[in-house]
Each structure stands twice: as structure tokens, then as C-alpha cells.
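Values below: every heavy atom of this structure, side chains too, minus hydrogens, waters and symmetry copies.
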Amino acid sequence: MIVLVDMNAFFASIEQRDRLELKGRPVAVTNGDQGTCIITSSYEAREYGVRTGMRLREARRLCPGLFRVTARSQLYAEVSSRIMEALRDRVAPEIEVFSVDEAFIDVTRVQQLHGSPEAVAQRVRQVIWEVAGLRCSVGVAGDKTTAKWAAKQHKPDGVTIVPPWESAARLRDVPVTALCGVGRGIGGFLAARGVRTCGEMAGLPIGALTQRWGNVGRRVWLMAQGLDPEPVRTEVAPPKSIGHGKMLPPATSDERTLLTYLEHMAHKVTARLRRHRLEAQQFFIGLKTDAGWVGGRFLTPEPTDDAKPLVSLCRQLLEDAWLGQLAYQVQVTALDPGLADVQMDLFDRQEPRRAGVNRVVDEVNRRFGAMALGPAALLGRSLTADVIAPAWRPHGHRHTV
């Protein structure tokens, strides 16, 4: 028995909870006081057609009474952490945090304790209400994919239960692209072979998918029939990369501005590496333009958790690869993070005082907030609020905003 918990309009619901004047009103949450792109909206706003990713001007045209509020990402992360911890302690220990507002819970081993699927769903909703004062939608099924689909059937504040023996029938007319993880690539592959709904999947040999997509194809074939074999994963896998990016002001071509944004991302990446005692030597540094990404893979002389060599690479990008094109986004990513070597290198080329300086900077910023202490060059950095990444988790290297 797998439960999928889906918080209803999570960020907007927290704002409505904390500000009584917003309760029952159409609310849009933007990133920062000057944000113009909606990152989520309340259900009252959605009734007018307001959607995530919509520009504020268009949203206000659809909904003249729309209330705009600034995202409080740190608070949302804290509330999510409390919810996930309470579910782990009071429902079942086998929980996989899927995102900041979603989690899978495997209650197979505690069914005798909690009772029927209806009782389990009610228990989940009660725990979340008690610890956060928020509503959620719950899907209960025999596998993860069906549970996730079920949770979306009666939103907001609904419960959908799909017994395992009914999964294939309930999914029969559902488009395969409506299942989590089935994107345009696999969707187009299936459509070309006459498979558009889950019910049509059984007519396609599993080998047709595994030959093209490997184990992913095998899983999709089973998912469509309510047989997703993927278990609830309680551990966060070691990081394959650690990166930060940020949108630029519209059509930026000022070199000083680009360097400031890149340098800011470099400091965020290396601070995060240090927090988790990691180092990296390969980095992706790039600018997104109309023609795609400018930049690529860069190497530091040795594995590092210090921003100084990374900033040098950012300058190298601007000098060697950027030709003055308009840019819209910056990205800095550590591609090969690994555990830092705590043994000092006899021939270490890093400045001996840098590690001590970084420790002091990290401690100050932990106490007083991100970038409370930082390079003078970043005084002109973007002040737009940090956002919660889709891969956010309440613990480990993904616990960041």
C-alpha cells in the first residue's frame, strides 16, 4: 500500500494560512518583490485561469482582484521539513520526499496499525493539519505511479483510493503522457506505435520499449498497467552534480552584470560543496542565449571547494566564448562532486589562508543569512529571492534554496 501526499497549492496555502486577509482570495506568489513571473497560485486564482509560469500582467488581466505576495522560500522549506518529519514519525518510517510539496509513503508494513486505506488517508491528512494547519490531497494505491495519478483526481483536499486489482482498469483510458515521468520523447515513441492510452500499452510487446529505452522503457510498460515496480526510496542518492542558476534581467549584454551573476552562482555552489564536505574539479559554466547555451565544461587545476578558481573560469568564459550575445540566464554546476580529501597536500597550490577565510564566511552566513558576508564585487548582485529547486529534500546536499 503506497500513499502519495500532494500539498494543495502549497506556497499560496501557507500565505493564506498566515495572512487572514488572503483567505478565500485569489493569490499569486512571485519570486521577490519585483518578480513578474508567477511560481504558484491559489485555487481561487486558478479558477480565473491563472497558472504557474504566467506573467503577472496577464494574470491580472484575467483576475483583476489578484493579490501578489512575495515568496518566502525559507519558510516553505521549514514547513515542508516539519510535515515530512511528522509523517515519518506518526504514519510510517518508509517515506520518499519527492519534492517540497509531495511525498510517497510505503504503509505496507503498518496496515494493521492504521487500518483500511481510508483510515490511512485520514491519518495522513490529520497529521498534516495538526503540524502545519494545511490541507492536502492523498492518493492510495498498490504502486507509486498509480498513487501519484490518484492524488490528482480530486484536488484540492481530496482522497482517491485505487486497490491494486483495479489499477489496470482505472488507468485504461488515461493518456500515457499523464503518468509521472513519461515525457514527449517516450510519448512520441509510443504514439508512433499506436499507443496513446495506458490500456493500449498491453498490445505493445515490452521488448519494443526495452530495446529503445532499456530499464526505463520496461518500467513505463509496467506503469501503464498499474504495476510500477519502483520501490519507495528512503535514502537520498549521492550527488551527481551540484549547481545553481538564476534568470537575468531581460536581454542582458553588460559584461559586468554577467560576471556579477556568474560570480554569485560560483559562491553559492562552493559554499554548498563546503557545507557537505565535498570538492569538485569539473564545472559547467554557461550563459543561456537565443541560440542556446554559451559555455561548457571547465576544469580547475585540482579538486576545490573554493570560489576563487571558479570565478577565474567565469572570467575565462566571458573572455573566450561570449561574443556579446544577449543572455537570459546563468548557470554554474559542479559536475563531479566527491568527498573532500581531508589530508593536506604537500604540494597544495591553494592559498593557505583561503580555507580559514571560507570557514569564517560560512559561519557568519549561517548565523546571519546567505551572503551577509561576501566579496565586495557582489554588492551589485541580484536581490531576487532564492527559489526552491524541484530536487529539494529536507536533509543532505539537496536541502538548499
Side-chain angles (χ1 to χ4, degrees), residues 31-32 34-37 239-275 278-338 340 348-351 353-355 357-358 361-362 365 370-387 389 391 397 400-401:
N31 180 29
Q34 305 303 317
T36 60
C37 185
K240 296 180 180 178
S241 65
I242 286 181
H244 284 278
K246 193 172 279 288
M247 300 300 294
L248 292 161
T252 298
S253 61
D254 178 70
E255 185 174 353
R256 179 67 250 177
T257 300
L258 294 174
L259 181 58
T260 299
Y261 273 74
L262 286 168
E263 187 170 345
H264 187 194
M265 296 304 102
H267 279 274
K268 286 174 70 71
V269 168
T270 51
R272 198 162 148 212
L273 287 171
R274 292 193 298 271
R275 188 184 320 139
L278 300 171
E279 292 179 330
Q281 188 169 13
Q282 299 183 51
F283 295 87
F284 171 82
I285 305 173
L287 304 171
K288 192 170 187 180
T289 68
D290 287 326
W293 285 96
V294 172
R297 189 179 298 244
F298 293 80
L299 287 174
T300 56
E302 56 195 345
T304 185
D305 59 8
D306 182 27
K308 187 174 182 179
L310 201 47
V311 171
S312 296
L313 295 178
C314 293
R315 290 195 177 96
Q316 181 182 327
L317 161 68
L318 293 176
E319 292 171 2
D320 299 344
W322 180 64
L323 302 177
Q325 306 99 312
L326 299 178
Y328 303 92
Q329 183 181 345
V330 298
Q331 182 71 36
V332 176
T333 301
L335 299 174
D336 61 343
D348 192 351
R349 287 167 285 179
Q350 293 189 19
E351 298 178 32
R353 295 181 60 223
R354 291 294 299 178
V357 170
N358 285 332
V361 169
D362 293 341
N365 289 334
M371 296 307 295
L373 180 60
L378 294 186
L379 287 173
R381 72 185 185 278
S382 167
L383 295 179
T384 56
D386 294 325
V387 298
H397 64 278
T400 184
V401 295

Member of Asp254, Leu318, Val330 meeting the side-chain contact (heavy atoms from CB on, under 4.5 Å) criterion with Leu259
Leu318

Donor-acceptor pair, [X] side chain versus [Y] backbone, under 3.5 Å?
X      : Y      : value
Asn365 : Leu373 : yes
Asp305 : Glu279 : no
Gln331 : His244 : yes
Gln281 : Pro301 : yes

Hey, are the side chains of [X] and [Y] touching, using non-hydrogen atoms and a 4.5 Å cut-off?
X      : Y      : answer
Leu313 : Val332 : no
Phe283 : Thr304 : yes
Leu273 : Leu278 : yes
Trp293 : Gln329 : yes
Leu258 : Leu248 : yes

Distance (rounded to the nearest 0.5 Å) between [X] [atom1] and [Y] [atom2]:
X      : Y      : atom1 : atom2 : value
Glu263 : Thr260 : CD    : OG1   : 7.0 Å
Leu378 : Lys268 : CG    : NZ    : 11.0 Å
Thr300 : Gln282 : OG1   : CD    : 9.0 Å
Ile242 : Thr270 : CD1   : OG1   : 11.0 Å
Ile285 : Thr333 : CD1   : OG1   : 9.5 Å
Asp306 : His267 : CG    : NE2   : 8.0 Å

Over all heavy atoms of both residues, which pair between [X] and [Y] is shortest? Give the atoms and the distance, please.
X      : Y      : result
Cys314 : Ala266 : SG-CB, 4.5 Å
Ala334 : Pro337 : O-CD, 3.7 Å
Gly295 : Leu317 : CA-CD1, 3.4 Å

Salt bridge (Lys or Arg N to Asp or Glu O under 4.0 Å) against Asp336, all qualifying residues, sequence neighbours excluded
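Once residues adjacent in sequence are excluded, Asp336 has no partner under the salt bridge (Lys or Arg N to Asp or Glu O under 4.0 Å) criterion.
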
Member of Asp290, Thr252, Thr289 meeting the side chain to side chain donor-acceptor pair (under 3.5 Å) criterion with Tyr328:
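Of the listed residues Asp290, Thr252, Thr289, the side chain to side chain donor-acceptor pair (under 3.5 Å) partner of Tyr328 is Asp290.
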
According to the side chain to side chain donor-acceptor pair (under 3.5 Å) rule, which pairs have a member within residues 311-324, sequence neighbours left out?
none

